[in-house]
Novice: 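Okay, here's the structure, questions in a sec.
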Amino acid sequence: MPELPEVETVRRRLAPFLEGRTIAMAEVDDARLVRPEDPAAVAARLGGARIVGLGRRGKYLLVHLDDTSTLAVHLRMTGNLLVGADTVPAHRRAVLHLDDGSRVDYTDLRRFGTWQLLEGAPELAEFLDARLGAEPLDPDFDAGTLRRAFAGRRAPVKALLLDQRLVAGVGNIYADEALHAARIHPETPAGAVTRPALARLATAVRDVLEIGIAAQGATLRDYRTPEGGYGSMQERFQVFDRTGEPCPHCGAAIVKTRVAGRGTHLCPRCQRRPRA
DNA sequence: CGCCCTGTTGGGGA
DNA sequence: ATCCCCAACAGGGC
């Protein structure tokens with residue numbers, strides 16, 4: 001489910017239903033969800049709280065409460081938040097009952113997702129700052145941001161792009177897409193990426209994330225239209241999950257390799273491996 | 001039918 | 001600094 005565009009889509013979809021509402025009761029059925037804290041204690045804390053707003057930082061969805069605490073929700077691989085379901089959805093791990101009688105269901109097939117309750121703005125800031133670097137959609141995100149983050153580093157540029165402490169919110173799909181758009185081989189040592197390439201990459205990261213948001217997260221692998229199709233051509237990726245298909249830019253066959261422990265898709269003609 | 005491999009993320013240990 | 005493994009489960013390929 002996640003990747004930044006999907007989290008942002010969930011935030012925008014839920015906000016009208018949640019903002020201003022009071023949580024009448026919360027149920028947390030999965031002990032791991034809020035570890036290391038006690039699920040019952042967190043549920044009790046949520047009960048009676050009013051939701052003043054929904055935010056996002058990186059891939060964290062932030063549920064701001066009127067007692068200055070914030071519930072930081074991370075959906076990891078398969079988490080999702082649903083409103084208005086008329087039956088209990090599969091793999092439900094937690095529920096928020098709102099004061100208007102509606103329900104928010106949290107589902108998570110693989111149970112990697114987390115709910116972290118943070119007390120007050122300083123604790124929230126400390127939590128986020130320890131984990132997240134630059135926001136790629138902020139106006140000041142540019143080539144200089146990447147140059148400072150990559151300086152002197154020899155790890156593959158894709159590995160650093162995926163490091164949330166450097167750039168917040170880039171996942172495996174959008175890393176492949178951004179590197180392809182910027183014509184950078186994913187195994188290029190990060191510190192060796194040229195200045196012009198860094199400028200292309202900064203633009204590409206922002207562009208692919210904004211395209212994903214504009215498509216309302218409809219870019220995921222398992223997304224299908226109600227008729228079972230893929231939707232418009234623009235909703236498909238350029239390289240991700242397109243092994244063997246022609247590169248939209250040059251026509252060469254997309255190849256799949258492994259970089260930073262993750263499946264990696266690239267065009268061998270557009271993204272030349274730099275020689276040492 | 002069963003086995004093996006893969007995976008949209010992040011944390012911890014080597 | 002970098003790399004590997006793991007969490008828990010489903011789905012696809014063979």
Side-chain angles (χ1 to χ4, degrees), chain A residues 1-11 29-37 56-61 72-81 89-94 106-116 127-133 136 148-180 186-192 205 208-209 211-213 215-224 228 230 235-244 255-265:
Chain A
M1 201 54 202
E3 288 268 354
L4 185 152
E6 287 70 41
V7 177
E8 178 62 19
T9 298
V10 167
R11 186 189 73 77
D29 302 324
D30 186 347
R32 342 175 47 92
L33 182 59
V34 296
R35 268 190 328 185
E37 294 156 58
R56 181 194 58 75
R57 174 88 167 84
K59 299 175 199 167
Y60 285 91
L61 178 72
V73 175
H74 200 302
L75 304 173
R76 292 289 186 98
M77 307 270 277
T78 54
N80 202 2
L81 284 162
H91 308 294
R92 187 171 78 174
R93 311 296 184 193
Y106 173 76
T107 64
D108 190 355
L109 185 154
R110 286 173 69 175
R111 304 206 285 177
F112 290 172
T114 55
W115 283 18
Q116 180 102 21
F127 177 86
L128 295 176
D129 291 347
R131 291 165 176 77
L132 301 176
R148 287 186 291 276
F150 295 170
R153 303 286 299 268
R154 282 183 287 265
V157 61
K158 177 171 176 180
L160 296 201
L161 211 45
L162 290 173
D163 188 336
Q164 303 299 296
R165 294 168 298 184
L166 300 180
V167 180
V170 178
N172 196 45
I173 295 176
Y174 292 96
D176 281 1
E177 292 298 310
L179 289 166
H180 174 261
E187 287 181 292
T188 310
V205 165
V208 298
L209 292 175
I211 288 169
I213 291 171
Q216 298 183 77
T219 43
L220 286 184
R221 163 191 305 201
D222 55 3
Y223 173 78
R224 295 295 184 274
Y230 274 109
E235 288 170 349
R236 291 216 54 196
F237 298 108
Q238 304 277 298
V239 291
F240 187 84
D241 205 25
R242 302 195 81 154
T243 311
V255 300
K256 182 172 183 184
T257 62
R258 204 155 188 92
V259 178
R262 315 258 180 216
T264 297
H265 310 75

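Residue numbers begin at 1 in each chain, while the letters A, B, ... track the order of the sequences.
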Novice: With P as the reference atom in both, quote the distance from B:dG10 to C:dA10 in angstrom, rounded to an integer.
Specialist: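 One P to the other, the span is 22 Å.
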
Novice: Tell me the interatomic distance from A:I173, atom CD1, to B:dT6, atom P, rounded to whole angstroms.
Specialist: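 For the pair A:I173 CD1 and B:dT6 P, the rounded distance is 18 Å.
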
Novice: As a quick check of understanding, evaluate side chain to side chain contact (heavy atoms under 4.5 Å, CB included) for A:L4 and A:V170, giving each step before the final call.
Specialist: CA-CA 7 Å; A:L4 185 152; A:V170 178; over 6 Å; no

Novice: Does A:R131 have a side-chain nitrogen or oxygen under 4.0 Å from the phosphate oxygens OP1 or OP2 of B:dG11?
Specialist: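 A:R131 to B:dG11 OP1/OP2: side-chain N or O found under 4.0 Å.
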
Novice: What's the separation between atom CG in A:L33 and atom OG1 in A:T114, rounded to the nearest 0.5 Å?
Specialist: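 Result: 7.5 Å between the selected atoms.
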
Novice: Using atom CD1 of A:I213 as one end and atom P of B:dT8 as the other, report the distance to the nearest whole Å.
Specialist: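 Whole-Å distance recorded here is 19 Å.
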
Novice: Specify the separation, in whole Å, of atom CD of A:Q164 and atom P of B:dG11.
Specialist: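 Answer to the nearest Å: 9 Å.
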
Novice: Please state how far atom NZ in A:K59 lies from atom P in B:dT8, giving the value in whole angstrom units.
Specialist: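 For the pair A:K59 NZ and B:dT8 P, the rounded distance is 10 Å.
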
Novice: So A:G113, base contact, sugar-phosphate only, or nothing? Heavy-atom distance under 4.0 Å.
Specialist: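 The answer is nothing, as A:G113 stays clear of every strand by at least 4.0 Å.
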
Novice: Among C:dC3, B:dT8, C:dT2, which nucleotide has an atom closest to any side-chain atom of A:F240?
Specialist: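 Ranking C:dC3, B:dT8, C:dT2 by closest atom to the A:F240 side chain puts B:dT8 first.
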
Novice: Got a donor-acceptor contact below 3.5 angstrom from the A:D176 side chain to the A:H265 backbone?
Specialist: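 Such a contact is found between A:D176 side chain and A:H265 backbone.
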
Novice: Is a side-chain donor or acceptor of A:T188 paired with a backbone partner of A:V157 at a separation under 3.5 angstrom?
Specialist: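 No.
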
Novice: Sugar-phosphate means primed atoms, P, OP1 and OP2; the rest is base. With that split, encode nucleotides 7-14 of chain C 5' to 3' as B, S or - using protein heavy atoms under 4.0 Å.
Specialist: BBBS----

Novice: Please answer whether the main-chain N or O of A:G58 pairs with a side-chain N or O of A:R56 as donor and acceptor at a distance below 3.5 Å.
Specialist: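 Answer holds: yes.
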
Novice: Any sub-3.5 Å donor-acceptor pair from A:Q164's side-chain atoms to A:G133's backbone N or O?
Specialist: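 Not a single qualifying donor-acceptor pair exists.
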
Novice: Please give me the minimum heavy-atom distance between A:A175 and A:L162, naming the atom from each residue.
Specialist: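 It is CB-CD2, 3.9 Å.
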
Novice: Does any N or O in the side chain of A:R93 come within less than 3.5 Å of the main-chain N or O of A:L109, such that one atom is a donor and the other an acceptor?
Specialist: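 Judged by distance alone, yes, a pair lies under 3.5 Å.
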
Novice: Verify, without hydrogens or angle tests, whether A:E3 (side chain) and A:N172 (backbone) share a donor-acceptor contact under 3.5 angstrom.
Specialist: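 Looks like yes, one N/O pair under 3.5 Å.
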
Novice: Minimum heavy-atom separation for A:P136 to A:A168, with atom names?
Specialist: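 Nearest pair, atom of A:P136 first, then A:A168: CD-O, 2.9 Å.
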
Novice: Please tell me if A:R258 has a side-chain N or O lying less than 4.0 Å from either OP1 or OP2 of B:dG7.
Specialist: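 Checking B:dG7 against A:R258, a side-chain N or O does come within under 4.0 Å of OP1 or OP2.
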
Novice: Can you tell me which nucleotide in C:dT2, B:dT6, B:dG11 comes closest to the side chain of A:R153?
Specialist: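 Closest of the options to the side chain of A:R153: C:dT2.
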
Novice: Return the value, rounded to whole Å, for the distance between atom NE2 of A:H265 and atom P of B:dG7.
Specialist: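 That distance rounds to 7 Å.
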
Novice: Can you tell me how far P in B:dG2 sits from the matching atom in C:dA8, rounded to whole Å?
Specialist: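 The answer is 23 Å between these two P atoms.
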
Novice: Please, what dot-bracket string fits DNA chain B when only Watson-Crick and G-U pairs with both distances under 3.5 Å count, crossing ones use [ ] and pairs to another strand use |?
Specialist: .||||||.||||||

Novice: Provide the distance between the two P atoms, one in C:dT2 and one in B:dT8, to the nearest whole Å.
Specialist: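 Between the two P atoms, the distance is 22 Å.
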
Novice: For A:D163 and B:dG11, what is the distance between atoms CG and P respectively, to the nearest whole Å?
Specialist: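 Atom CG in A:D163 sits about 10 Å away from atom P in B:dG11.
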
Novice: Check the distance between B:dG10's P and A:Y60's OH and give it to me in whole angstrom.
Specialist: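 Between P of B:dG10 and OH of A:Y60: 7 Å.
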
Novice: By the 4.0 Å heavy-atom rule, please label A:G171 as base, sugar-phosphate, or nothing.
Specialist: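 Sugar-phosphate contact only - A:G171 comes under 4.0 Å of backbone atoms but never of a base.
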
Novice: Nearest-Å distance, NZ (A:K158) to C1' (B:dT8)?
Specialist: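 The distance from NZ of A:K158 to C1' of B:dT8 comes to 11 Å, rounded to the nearest Å.
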
